[in-house]
Amino acid sequence: MDIVLLGPPGAGKGTQARRLSQTLKIPHVSTGDILREAIGDGKSPLGREAQEYIRRGELVPDGVMVDLVEERLRRKDAAQGVILDGFPRTQAQAEALSTLLKRQGRSVEHVLLLDVDVEELTQRLSGRRVCKGCGAVYHVNFNPTKESGKCDRCGAALIQREDDREEVVRERLKVYERQTQPLIQFYKERSVLHPIQGQGTVEEIFDRLLKIVGRPH
Ligand code: AP5
């Protein structure tokens with residue numbers, strides 16, 4: 001089953017995608033995480049190319065992103081489907097995804113659109129903290145760690161993502177509106193779009209998503 005999680009920055013795509021992946025037992029493919037990993041290792045050409053775009057809150061060019069996802073979909077663990085988080089983000093990426101999946105006799109089955117108002121998005125992003133060691137995601141108010149500034153899972157320090165600074169968040173929201181929102185119509189026309197109320201507890205939202213994709217037996 002191939003699922004796309006769509007929604008603005010901070011809508012909870014990563015949070016929900018990780019849960020769906022565990023429950024449905026299909027891999028979570030986050031293009032943002034892949035890019036951040038490439039930047040983190042400091043050596044990869046992909047990381048060097050992506051870094052400046054991410055810092056400014058702009059999108060990495062379509063060609064780079066499509067090649068990256070194509071490579072990821074070819075891996076063995078993706079054969080039964082994937083949960084895409086952060087891809088596609090433009091019409092060109094959405095068309096490329098259809099072509100890539102079609103080659104394998106697949107298609108996007110569900111597009112889960114998380115709907116969250118701008119005020120809440122801003123609060124979520126400004127309070128988000130990420131573990132430097134294992135990448136776990138927290139929130140200073142909504143999902144705090146037991147010990148301040150320290151990951152519950154591995155004990156490493158928490159950091160704020162560079163693109164969660166206020167001025168970059170404003171740019172990311174604009175980019176979403178301009179370049180990604182048109183995908184709502186794209187997927188509506190293909191009858192796979194499911195708008196979901198993205199406010200409430202993480203569990204409540206997860207239940208809404210499971211009602212659409214179905215609980216595993
Ligand atoms: P990416 O990492 O994909 O960022 P994003 O789409 O902007 O999404 P976020 O990761 O900010 O938010 P999210 O929706 O996953 O929310 P989360 O679950 O963390 O991309 C980063 C950059 O990479 C892009 O700007 C671009 O430059 C580049 N890029 C990536 N993909 C690309 C592509 N396809 N094409 C081109 N460029 C690309 O939740 C946010 C916070 O809220 C957390 O603290 C969480 O704990 C909290 N939270 C979650 N759910 C709830 C809830 N229900 N209640 C309260 N708090 C909650």
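Atoms within each ligand, like the ligands themselves, are counted from 1 in listed order.
- A salt bridge links Arg172 with Asp163; the closest basic N to acidic carboxylate O contact falls under 4.0 Å.
- Other residues, nucleotides and ligands contribute over 12 non-hydrogen atoms within 6.0 Å of the CD atom of Glu167.
- The closest approach between any non-hydrogen atom of Gly7 and ligand 1 is not below 4.0 Å.
- Ligand-side atoms of ligand 1 in range of Leu35: 23 (O), 28 (C), 29 (N), 30 (C), range being under 4.0 angstrom from any heavy atom.
- Arg208 approaches Gln199 most closely through the heavy-atom pair NH1-O, 3.0 Å.
- Between Arg19 and Glu203 a salt bridge is recorded (basic side-chain N to carboxylate O distance below 4.0 Å).
- Contacts between Asp33 and ligand 1 below 4.0 angstrom, taking non-hydrogen atoms only, are absent altogether.
- Closest to atom 53 (N) of ligand 1 among all protein heavy atoms lies Gly200 O, 3.0 Å.
- Taking CD from Glu37 and OG from Ser44, the interatomic distance works out to 10.0 Å, rounded to the nearest 0.5 Å.
- For Gln16, no heavy-atom contact with ligand 1 is shorter than 4.0 Å.
- Remark: the backbone N or O of Leu6 is not paired with any side-chain donor or acceptor of Lys13 at under 3.5 angstrom.
- Residue Leu112 forms a side-chain contact (heavy atoms from CB on, under 4.5 Å) with just one option from Val4, Val192, Leu20, Ile83, and that option is Leu20.
- The protein heavy-atom contact nearest to atom 48 (N) of ligand 1 is Arg124 CD, 4.0 Å.
- In terms of hydrophobic clustering, with Ile, Leu, Val, Met, Phe, Trp and Tyr side chains grouped at heavy-atom distances under 4.5 Å, Ile26 and Leu100 are assigned to different clusters.
- The distance from ligand 1 to the heavy atoms of Asp163 drops below 4.0 Å at these ligand atoms: 21 (C).
- Put simply, the side chain of Asn143 does not reach to within 4.5 Å of the side chain of Val202, judged on heavy atoms.
- At a heavy-atom cutoff of 4.0 Å, ligand 1 is contacted by both the backbone and the side chain of Arg128.
- Contacts between Asp62 and ligand 1, counted as non-hydrogen atom pairs separated by less than 4.0 Å, are absent for every part of the residue.
- When only non-hydrogen protein atoms are considered, atom 44 (O) of ligand 1 lies nearest to Tyr138 O, 2.9 Å.
- The ligand atoms of ligand 1 that sit less than 4.0 angstrom from a heavy atom of Ile205 are 53 (N).
- Checking side-chain atoms of Gln93 against main-chain N and O of Arg89 turns up a donor-acceptor pair under 3.5 Å.
- Using a 4.0 Å cut-off between charged nitrogen and carboxylate oxygen, Glu52 and Arg55 count as a salt-bridge pair.
- Distance from atom 38 (C) of ligand 1 to its nearest protein heavy atom, with residue and atom name: Arg89 CD, 3.9 Å.
- The residues Asp207 and Arg215 are annotated as salt-bridged, a charged nitrogen and a carboxylate oxygen being separated by less than 4.0 angstrom.
- Using a 4.0 angstrom heavy-atom cutoff, Leu5 does not count as in contact with ligand 1.
- Without hydrogens or angle criteria, Arg129 side chain to Ile159 main chain gives no donor-acceptor distance under 3.5 Å.
- Below 4.0 Å from some heavy atom of Arg36 lie the following atoms of ligand 1, by number and element: 2 (O), 21 (C).
- Among Leu6, Thr31, Ile54, the residue whose heavy atom lies closest to atom 23 (O) of ligand 1 is Ile54.
- Shortest contact from atom 45 (C) of ligand 1 to any protein heavy atom: Thr15 OG1, 3.9 Å.
- Residue-level proximity to ligand 1 for Gln93 is carried by the side chain, the only part with a heavy atom below 4.0 angstrom.
- Residue Glu58 touches ligand 1 through its backbone alone, judged by heavy-atom distances below 4.0 Å.
- Contact atoms of ligand 1 toward Arg172: 4 (O), 5 (P), 7 (O), 9 (P), 11 (O) (distance under 4.0 Å to a heavy atom of the residue).
- The two residues Asp85 and Ala17 have their closest heavy-atom pair at CB-CB, 4.1 Å.
- Scanning all protein heavy atoms for the shortest distance to atom 16 (O) of ligand 1 gives Gly12 N, 3.2 Å.
- Of all the heavy atoms in Arg106 and Val82, the pair that sits closest is NH2-N, 4.3 Å.
- Residue contact check: Leu125 has heavy atoms under 4.0 Å from atoms 11 (O) of ligand 1.
- Of the protein's heavy atoms, Gly86 O, 2.8 Å lies nearest to atom 34 (N) of ligand 1.
- At the top of the distance list for atom 13 (P) of ligand 1, counting protein heavy atoms only, stands Lys13 N, 3.5 Å.
- A salt bridge does not link Lys25 with Asp77: none of the charged nitrogens is closer than 4.0 Å to a carboxylate oxygen.
- Heavy atoms of Thr90 found under 4.0 angstrom from ligand 1: none, in either backbone or side chain.
- Contact annotation: Glu204 has no heavy atom less than 4.0 Å from any atom of ligand 1.
- Below 4.0 Å from some heavy atom of Met65 lie the following atoms of ligand 1, by number and element: 31 (N), 32 (C), 33 (C), 34 (N), 35 (N), 36 (C).
- Residue Gly14 approaches ligand 1 through these ligand atoms, each under 4.0 Å from one of its heavy atoms: 13 (P), 15 (O), 18 (O).
- Contact annotation for Asp164 and ligand 1: no heavy atom of the residue comes within less than 4.0 Å of the ligand.
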